[in-house]
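Have a look at the structure below before the remarks.
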Amino acid sequence: MHVLITGASRGLGREFAYLHAKQGDHVLLVGRDATALFETKFHVERLGGTATVFPYDLTQPTHRLALFRATEQIPVDCVINNAGIGVFGSFLETSFEDESRMIALNIEALTHVTKVYASRMKAQGIKGRIVHLASTAAFEGGPWLSVYYATKAYVLHFSEGLTEELAQDGIQVSVVCPGATHTGFESAANLEQSRLFLRPGVMDAPTVARIAYRGYMKGKTFIVPGFGNAWYIFSTRFLPRRYVTRQAGEVQRPR
Ligand SMILES: NC(=O)c1ccc[n+]([C@@H]2O[C@H](COP(=O)([O-])OP(=O)(O)OC[C@H]3O[C@@H](n4cnc5c(N)ncnc54)[C@H](OP(=O)(O)O)[C@@H]3O)[C@@H](O)[C@H]2O)c1
């Protein structure tokens, strides 16, 4: 299997690469940090897979086009749209440039990558898989991470719509909704100043990736790693939206 993974230089993306490597798959590793991607490649090969590194910044349309061109001859049959960032802080104090970059990565790049590879799958008759990383954040407003939460709501709704559309072509779409997970995400998003990652129940990246992997390989469309996260999402259906948002704000408020 040829598996393209965005954000494979660390965190969940790297774990997905290792899981596919154990099956002898060829993984296409995308991210900006070439050194870290080559580290992932080194471990992938030790685990029995093969890997190619594509050091591209997915927020840049020209880099995306370069990626699409460089992979033209590879019959990609699984795409894991995992790269994503958060911007933490008061909306009136965060920089629009950072938020714009987040929207470009979490929404625009994810949509573009999916359009190109799903179209190729259809044209080549590949019954492939598209996997999107959303979050438990997709189900509520998230004070101090308001734009991030909104990007994940986009990912969830976009994936759910596509599930029906692409099923006609035999392409499986899965959306993964992890809760807080220890990766590089919390420091990249400056989240050490919030209580979000200090609460009990924060999961580790290998466990989250393993649950997600099992789910999408079985063809599940909606995957929530961890009982606590699944219960939380379920419970928000029965609570007033304003209350749920306020609770999220209590947990995330900068210390
Ligand atoms: N960790 C959590 O608590 C959590 C919870 C729910 C959902 N998620 C979602 O899960 C996904 C993976 O997150 P993670 O926790 O593994 O985060 P992470 O450890 O911070 O890794 C993020 C990955 O995205 C890549 N990336 C960032 N900017 C990029 C860009 N401009 N172009 C290409 N790649 C870029 C990074 O690589 P480079 O720096 O090399 O570019 C890195 O490999 C994200 O979509 C995130 O929103 C995470």
Donor-acceptor contacts, no H, no angles, side chain residues 66-77, under 3.5 Å, sequence neighbours left out:
{"from": "Thr71", "atom 1": "OG1", "to": "Leu67", "atom 2": "O", "distance (Å)": "2.9"}
{"from": "Thr71", "atom 1": "OG1", "to": "Phe68", "atom 2": "O", "distance (Å)": "3.3"}
{"from": "Thr71", "atom 1": "OG1", "to": "Tyr117", "atom 2": "OH", "distance (Å)": "2.7"}
{"from": "Thr71", "atom 1": "OG1", "to": "Arg120", "atom 2": "NH1", "distance (Å)": "3.3"}
{"from": "Asp77", "atom 1": "OD1", "to": "His2", "atom 2": "N", "distance (Å)": "2.8"}

Answer yes or no: is there a side-chain heavy-atom contact under 4.5 Å between [X] and [Y]?
X: Ile130; Y: Ile171; result: yes
X: Arg199; Y: Val251; result: yes
X: Thr111; Y: Lys115; result: no
X: Pro254; Y: Phe88; result: yes
X: Pro61; Y: Leu65; result: no

**CA sep, side-chain torsions, deciding dist, call: His20, Met217, side chain to side chain contact (heavy atoms under 4.5 Å, CB included)** = CA-CA 10 Å; His20 282 282; Met217 293 305 288; 4.2 Å; yes
Honestly curious: do [X] and [Y] fall in one hydrophobic cluster under the side-chain, below-4.5 Å linking rule?
X: Val176; Y: Phe222; answer: no
X: Val131; Y: Leu12; answer: yes
X: Phe158; Y: Met102; answer: yes
X: Val53; Y: Met1; answer: yes
X: Phe42; Y: Phe54; answer: no

Provide the closest heavy-atom pair for [X] versus [Y] in the form atom of the first, atom of the second, distance.
X: Gly226; Y: Ile211; value: N-CD1, 4.1 Å
X: Thr207; Y: Met203; value: CG2-CE, 4.0 Å
X: Ser146; Y: Pro143; value: OG-CA, 3.8 Å
X: Thr6; Y: Ala83; value: OG1-N, 2.9 Å
X: Phe139; Y: Cys177; value: CE1-SG, 4.0 Å
X: Leu37; Y: Pro55; value: CD1-CA, 4.0 Å

Mark yes or no for whether [X], through its side chain, and [Y], through its backbone, hold a donor-acceptor pair below 3.5 Å.
X: Arg195; Y: Glu250; result: yes
X: Thr181; Y: Gly179; result: yes
X: Thr183; Y: Ala205; result: no
X: Glu140; Y: Thr245; result: no
X: Arg64; Y: Leu58; result: yes
X: Arg129; Y: Val173; result: no
X: Ser174; Y: Lys220; result: yes
X: Glu186; Y: Leu191; result: no
X: Asn82; Y: Leu133; result: no
X: Asn229; Y: Val224; result: no

**Request:** Examine the side chains of Asn81 and Thr114 and answer whether a donor and an acceptor come within less than 3.5 Å of each other.
**Result:**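 Result is yes, a qualifying pair exists.
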**Prompt:** Looking just at side-chain N and O atoms, do Thr40 and Tyr18 make a donor-acceptor pair shorter than 3.5 Å?
**Reply:**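 Side-chain D/A pair, Thr40 to Tyr18: absent.
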**Prompt:** Apart from Tyr232 itself, what residues make up its hydrophobic cluster, given side-chain heavy atom links below 4.5 Å?
**Reply:**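 Joined to Tyr232, directly or through intermediates: Leu239, Tyr243, Val244.
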**Message:** Test: ring pair (Phe, Tyr, Trp, His ring centres under 6.0 Å). Region: residues 162-204. Which pairs qualify, not counting sequence neighbours?
**Reply:**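 Found Tyr148-Phe185.
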Rounded to the nearest 0.5 Å, how far does [atom2] of [Y] lie from [atom1] of [X]?
X: Leu145; Y: Lys152; atom1: CG; atom2: NZ; answer: 11.5 Å
X: Glu108; Y: Arg101; atom1: CD; atom2: CZ; answer: 13.5 Å
X: Thr59; Y: Ile103; atom1: OG1; atom2: CD1; answer: 12.5 Å
X: Ile80; Y: Leu4; atom1: CD1; atom2: CG; answer: 9.0 Å
X: Phe16; Y: Asp25; atom1: CZ; atom2: CG; answer: 13.5 Å
X: Leu166; Y: Ser119; atom1: CG; atom2: OG; answer: 9.0 Å

**With Phe234 via ring-ring contact (aromatic ring centres under 6.0 Å, His included) - residues at least two apart** =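 For Phe234, the residues satisfying ring-ring contact (aromatic ring centres under 6.0 Å, His included) (neighbours in sequence not counted) are Trp231, Phe238.
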**Message:** Test of understanding: with ring-ring contact (aromatic ring centres under 6.0 Å, His included), list the residues that count as partners of Phe38, not counting sequence neighbours.
**Reply:**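 Here no residue qualifies.
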**Asked** Do Trp144 and Ser194 pass the side chain to side chain contact (heavy atoms under 4.5 Å, CB included) test, and can you show the C-alpha distance, the side-chain angles, and the key distance before you say yes or no?
**Response** CA-CA 9 Å; Trp144 292 285; Ser194 116; over 6 Å; no
**Asked** What do the steps show when you test Gln172 against Thr163 for side chain to side chain contact (heavy atoms under 4.5 Å, CB included), and what is the final call?
**Response** CA-CA 7 Å; Gln172 160 77 45; Thr163 301; 5.7 Å; no
**Request:** Go through the steps to decide whether Ile85 and Asn106 satisfy the test side chain to side chain contact (heavy atoms under 4.5 Å, CB included), and finish with yes or no.
**Result:** CA-CA 7 Å; Ile85 51 173; Asn106 296 11; 4.1 Å; yes
**Qualifying salt bridge (Lys or Arg N to Asp or Glu O under 4.0 Å) pairs, either residue in residues 33-43, two or more places apart** =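 Every salt bridge (Lys or Arg N to Asp or Glu O under 4.0 Å) pair that includes a residue of residues 33-43, provided the two are not neighbours, is Arg14-Glu39, Lys41-Glu45.
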**Request:** Give a yes or no on whether a salt bridge exists between Arg32 and Asp57, defined as a side-chain N under 4.0 angstrom from a carboxylate O.
**Result:**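 Salt bridge absent between Arg32 and Asp57.
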